[in-house]
J.: 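Before I ask anything, let me first share the structure, which is written out below as structure tokens.
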Number of protein chains: 4
Amino acid sequence: MNPTSDSKRDASGDARREQIKRAALKVFARRGLDGTKMSMIAAEAGVSDGLAYRYFKSKDDIFEMLVREAIDGANEAFETIGRLSVSPLERFRALTKEIIEDENNDYFVLVQQVMSADSLPKEVAQLIEGYSTLRMIDQMAPVFADGQRDGVFIDGDPRELVMWYLTVLSGLMLVDRSLLKDYRPPQTDFLLNLIVKPRQEQGV
Amino acid sequence: MNPTSDSKRDASGDARREQIKRAALKVFARRGLDGTKMSMIAAEAGVSDGLAYRYFKSKDDIFEMLVREAIDGANEAFETIGRLSVSPLERFRALTKEIIEDENNDYFVLVQQVMSADSLPKEVAQLIEGYSTLRMIDQMAPVFADGQRDGVFIDGDPRELVMWYLTVLSGLMLVDRSLLKDYRPPQTDFLLNLIVKPRQEQGV
Amino acid sequence: MNPTSDSKRDASGDARREQIKRAALKVFARRGLDGTKMSMIAAEAGVSDGLAYRYFKSKDDIFEMLVREAIDGANEAFETIGRLSVSPLERFRALTKEIIEDENNDYFVLVQQVMSADSLPKEVAQLIEGYSTLRMIDQMAPVFADGQRDGVFIDGDPRELVMWYLTVLSGLMLVDRSLLKDYRPPQTDFLLNLIVKPRQEQGV
Amino acid sequence: MNPTSDSKRDASGDARREQIKRAALKVFARRGLDGTKMSMIAAEAGVSDGLAYRYFKSKDDIFEMLVREAIDGANEAFETIGRLSVSPLERFRALTKEIIEDENNDYFVLVQQVMSADSLPKEVAQLIEGYSTLRMIDQMAPVFADGQRDGVFIDGDPRELVMWYLTVLSGLMLVDRSLLKDYRPPQTDFLLNLIVKPRQEQGV
DNA sequence: TATGAATGAGCATTCATTCAT
DNA sequence: CATGAATGAATGCTCATTCAT
């Protein structure tokens, strides 16, 4: 009879959940798991301390869910990029843009935090196990090799070079973006210099 | 009367102090300020839980002192590099090596942690205020400009390019170095690609 | 104007109140004051979490009211038994049956819980003060003495023997009735052995 | 060289542990698991709130350990009684005395609480599973049957009569012993009336 | 009336810091 | 000096109670 009321109820619940999740993501991305107090998340979301527990079982639970979503998102992004029918260079450009220029890259930051953390809740540790830069490397290394064959990328072991490139991108996510006034993050083309082979046209 | 005993006492005291400081540096660099418990430092140093308080006023105090030393060390490194009478490229190579390849770069990691942290003890925040990548940039930008004039470095605003390069190096310090088996950090020459201008000789 | 609507409203209100009270009694009797959450009562009553507060001021208030009713009921039961024109033995038999065999003895269980609790809301503590096994003892001791005179009950101080007997009955209310499969609570006649004087007829 | 210092250290640790355990037993026995706050235990033991956690992992952990000891103690008591080479009546008398008159019967009270509780920590629930009045019944039923053959105990199914008797004893443990001024718990011989067969000598 | 989301005080637990030995 | 037991403030989490709908 009144599906609206039902969906509204759900919608309101989901909205709250989203609101708290977004707040948590923001704080976690900035301060890490240990540095984040539940009261910070509640304050950031503009709700009371207790309310988060209506939507999440525990602080670790929120963290885990965010990491799960972050990993899913990252994998998805990689697959999307893998499906683009463009040149290897363009694929790496897309990847770099996605990671560096995306305004909402708190998710990426979170993944990096997690991967460079020294101790994690069991659940999260398992998630990471399954994830891993490895998969990214496996996906991008063949693309890189193609680029090498085209003479576009520098010579060397594709897996190692990709790993290095991803490491650089990873590191950038961990650097506080508000370090300096007038700070602009490194531009995509600047970073691509790391792997793009110099050509005569460029050189002259 | 017995200067030996006094100096011994001091020496022993200093040794203890050093021992605890080193342990703290190691743990802080790996786990951050919040993630580090005093008991971890004590365990790492192989001393009792209470002993650190004979040598340091508080956990924050240890952290502050380490950050202070790290900043001093970084500045010193930069100055040393500045005084080298070698080409701009060699200076950037030396800088990169120092940061990336130095085994004992926990100090650098610490500085980066601090600079990407969102909340810090007052004292440390002030230290950082005074420090800053700014000084590094001020120091390296002219060197970079020299390199540009020599046709060795890529074109663009020297301050911005230096900032980007330092940002990349900073990021690398924050990435967990044990992410993958067979992991090797990016090599110095790989990173220099970011700023080195391609030449025909390289290209062909 | 419309007394029906009013009384209906009252009736409906009373019904709700009863419904919640019954649910509360059931849960309190099984889990005690501390072990009972308001949400358990609401779930047991099949209403929303907040509704109880339209009918009762607080959790303690529900508890107090139940204890009050329990005490009233117990006193009434005692008085009813006191008014029976039967032999002392039959009166004790009736009392025992009432307490042990009555299916709806949650009230008795509640009183016992309260009396063996160490800390209670002020209000309840006062109720208990006024109540007390003492009154029961006062009521039953003369009956017991009558029974002794008839040679039906064992010798000894009537007040103490009654107190002991009531203590045994009280204890039985606190024992979980689902301890064992095939469990049957002690039968009335078994318990009466405690106070009934053996006779030759029985002995032989 | 100085075994005393070592054993002293242990002794002091064990003493603290014991002190806290005793305090916890006292409070748990009186107030139950839910009704007991860690602060009560700490206060009862005369130590700070945090100290208990140096000796026990959690509140549930203390409770579990106490229940374990209580069960062990109960089993031991039953075995001891089983090994007495005395008449069945004397065995039941000893059992009753042990439970009712022992000053330190907080352990028994604890077991009874646990067995009549409606929800328990997993660990404790498992302990209870393994325990059970069943074992007691199995141990005492043959003794009871012997007593019946001697004409000392009343007729009926030995297992059921023993169960009833133990139920009565269990209940007594749950009754607050400070209910009334001048309160004396039921005496052993009073309780034995439940199962002892009247004889002519008694009757006359 | 009835609902259940929201609040915040209270309790369990952790950990920086102190201090008797 | 060194130890590690002890303290208590801070933080995660629960649940009685309120209130907008």
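Labels below follow one simple rule: chain letters A, B, ... track the order of the sequence lines, proteins then strands, and each chain is numbered from 1. Computed over heavy atoms, backbone and side chain alike; hydrogens, waters and symmetry mates excluded.
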J.: Testing the basics here: between B:K59 and B:T36, what is the closest heavy-atom pair and its distance to 0.1 Å?
T.: NZ-O, 2.7 Å
J.: Using Watson-Crick and G-U wobble pairs whose two distances are both under 3.5 Å, how do you write the pairing of DNA chain E as dot-bracket, with | for links to another strand?
T.: .||||||||||||||||||||
J.: Indicate the atoms forming the closest heavy-atom contact of B:I20 with B:A52, along with that distance.
T.: CD1-CA, 4.0 Å
J.: Between C1' on E:dA5 and CG on A:D14, what's the gap in Å once rounded to a whole number?
T.: 14 Å
J.: Answer yes or no: is there an ion pair linking B:E69 with B:K21, defined by an N-O contact shorter than 4.0 Å?
T.: yes
J.: If you look at every heavy atom in C:S48 and C:A42, which pair is closest and at what distance?
T.: O-CB, 3.6 Å
J.: Return yes when atom NZ of A:K26 has more than 12 non-hydrogen atoms of other residues, nucleotides or ligands closer than 6.0 Å, and no otherwise.
T.: no
J.: If you measure from the Lys or Arg side-chain nitrogens to the Asp or Glu carboxylate oxygens, is any gap between D:D118 and C:R31 under 4.0 Å?
T.: yes
J.: For residues A:L66 and A:Y107, report the shortest heavy-atom separation together with the two atoms involved.
T.: O-CE2, 3.8 Å
J.: Just how far, in rounded Å, is C1' of E:dA2 from CZ of C:R17?
T.: 17 Å
J.: When we call it a touch if two heavy atoms are under 4.0 Å apart, what does C:Y55 touch: a base, just sugar-phosphate, or nothing?
T.: sugar-phosphate
J.: OP1 or OP2 of E:dA5 versus the side-chain N and O atoms of A:R16: is any pair under 4.0 Å?
T.: no
J.: Rounded to the nearest Å, what distance is computed from the CZ atom of residue D:F28 to the C1' atom of nucleotide E:dA12?
T.: 12 Å
J.: Within the pair A:R54 and E:dG4, is there a side-chain N or O less than 4.0 Å away from OP1 or OP2?
T.: no
J.: Please state how far atom CZ in D:F56 lies from atom P in E:dA12, giving the value in whole angstrom units.
T.: 16 Å
J.: Please write out each protein N/O paired with an N/O of nucleotides 14-16 of chain F under 3.5 Å, distance rounded to 0.1 Å.
T.:
| from | atom 1 | to | atom 2 | distance (Å) |
| --- | --- | --- | --- | --- |
| F:dA16 | OP1 | C:K59 | NZ | 3.3 |
| F:dA16 | OP2 | C:M38 | N | 2.8 |

J.: Quick one: is the NZ or CZ of D:R68 closer than 6.0 Å to the six-membered ring centre of D:F63, and within 45° of its axis?
T.: no
